[in-house]
Each structure stands twice: as structure tokens, then as C-alpha cells.
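All heavy atoms count here, side chains included; hydrogens, waters and symmetry mates do not.
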Amino acid sequence: MNTNASPTQNLANQPPAANGLAIVRLTIGAMFVWVFFENLGKGLYTPTGYAGLINYYIKASHSPAAWKAVMGLAASHAAMAAPMQALTEISLGILLVIGLLTRPVALVAFLYLASLWISEWGTAWIWELLVPVLASFALSLGRAGRAWGVDALLARRWPSSPWW
């Protein structure tokens with residue numbers, strides 16, 4: 001870690017870009033936590049609620065036929081897929097908010113959100129999920145957990161690790 005702050009660094013001895021990535025990380029993490037509780041309240045983590053939503057996407061979306069087949073498989077196994085989705089959403093949210101294992105978590109968030117984006121083609125505004133998809137990808141490239149996150153503590157001990 002740099003001990004001499006340059007004019008482009010703030011009081012926390014972090015480059016402004018690191019703080020910007022941390023804000024994006026916190027925002028995407030909060031979005032996942034919010035969506036978890038929103039979906040929980042809507043009953044979308046129950047087999048019936050989950051299957052209903054996925055079947056709606058199969059019927060109404062413009063996603064490729066191969067992807068609709070994947071969604072059909074998930075809907076037919078909703079008793080297992082619904083809790084997996086709930087666990088994925090809350091885990092990604094919490095890990096991003098606290099900044100733990102940010103790079104791999106952000107990569108998983110990118111892939112997860114991209115799959116949702118494809119599932120929703122034609123049913124929602126195209127930019128609604130595309131912006132968080134790309135923001136998650138950017139978080140996986142940057143070291144967004146090294147500012148205001150647990151990763152900063154881990155990086156002091158293992159500074160060359162690609163995980164944070």
C-alpha cells in the first residue's frame with residue numbers, strides 16, 4: 001500500500017477510482033439484498049411462485065429457444081431452483097456489501113444478472129438489468145473490495161492475491 005498520498009488520492013489513502021468502485025459495489029450489493037426481500041415478499045422463492053415467473057418468461061420473452069429450454073428445466077425443478085436462487089441473491093448481496101471476495105463474487109453476479117437479462121428479453125426495459133450486468137463485470141475487473149471492504153484487510157496480508 002502506498003504510504004505517500006499523491007494529490008489524486010483522498011484522505012483514506014485510496015485512489016478516487018477505488019472509492020468509486022466501492023460505491024458501485026455497495027450499490028449492486030444493496031440491490032441484491034433489496035431484490036431478495038422483494039422476491040421473498042412476493043412469494044417468488046416458493047416452488048409455485050418461482051415456476052409461475054419462469055413460465056411467464058418462457059411464454060412472453062424473446063430469449064433464444066435454447067435458453068427457454070434451460071428456463072423450462074428450472075421451472076420443472078422449482079422446489080430446488082427457487083431456494084437456490086434465494087440463496088444466490090442474498091449471498092451475492094451480503095458479500096458485495098461487506099466487500100469479501102469481491103472479484104469472484106462480482107463475476108458470479110455478472111453471470112447471474114446476464115442470465116436474468118437474457119431471460120427477460122422483451123418483457124422489461126433493456127437497460128433495466130444491462131447496467132447492473134456491466135457494473136458487476138467492471139467490479140470483477142477492478143479491485144472494488146480494497147476500498148471500504150473486508151478485502152482491504154485480506155490484501156494487507158496477501159497483497160498479490162487475485163481474489164481481492
Closest heavy-atom pair and its distance - [X], [Y]:
X: Pro64; Y: Ile118; value: CD-CG2, 4.0 Å
X: Glu128; Y: Ala124; value: OE1-CB, 3.9 Å
X: Ala109; Y: Ser136; value: CB-OG, 3.9 Å
X: Ala78; Y: Pro47; value: CB-O, 3.4 Å
X: Leu44; Y: Gly49; value: CD2-O, 3.5 Å
X: Asn55; Y: Ala75; value: OD1-CB, 3.7 Å

Between atom [atom1] of [X] and atom [atom2] of [Y], what is the distance when rounded to the nearest 0.5 Å?
X: Thr102; Y: Leu107; atom1: OG1; atom2: CG; result: 12.5 Å
X: Ile54; Y: His77; atom1: CD1; atom2: NE2; result: 14.0 Å
X: Thr88; Y: Phe32; atom1: OG1; atom2: CZ; result: 9.0 Å
X: Leu87; Y: Leu92; atom1: CG; atom2: CG; result: 9.0 Å
X: Trp34; Y: Asn39; atom1: CH2; atom2: CG; result: 12.0 Å
X: Ile58; Y: Leu53; atom1: CD1; atom2: CG; result: 10.0 Å

Look at the side-chain heavy atoms of Ile, Leu, Val, Met, Phe, Trp and Tyr, link any pair under 4.5 Å apart, and say whether [X] and [Y] land in one connected group.
X: Val35; Y: Trp127; answer: yes
X: Leu141; Y: Val133; answer: yes
X: Met71; Y: Met84; answer: no
X: Phe37; Y: Met31; answer: no
X: Tyr56; Y: Leu73; answer: no

If only atom types and distance count, is the side chain of [X] paired as donor or acceptor with the main-chain N or O of [Y] below 3.5 Å?
X: Lys68; Y: Ser61; answer: yes
X: Arg143; Y: Ala18; answer: no
X: Arg25; Y: Ala147; answer: yes
X: Arg103; Y: Leu139; answer: no
X: Trp164; Y: Trp158; answer: yes
X: Trp121; Y: Ile126; answer: no

Over 60° means perpendicular and under 30° means parallel, so classify the ring planes of Phe36 and Tyr45, tilted if in between.
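Tyr45 vs Phe36 ring planes: parallel.
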Go through the steps to decide whether Ile23 and Trp148 satisfy the test side chain to side chain contact (heavy atoms under 4.5 Å, CB included), and finish with yes or no.
CA-CA 9 Å; Ile23 291 169; Trp148 315 337; 3.6 Å; yes
If you define the side chain from C-beta out and look only at heavy atoms, does anything of [X] sit under 4.5 Å from [Y]?
X: Trp163; Y: Leu154; value: no
X: Ile94; Y: Leu100; value: no
X: Leu96; Y: Leu26; value: no
X: Tyr50; Y: Pro83; value: no

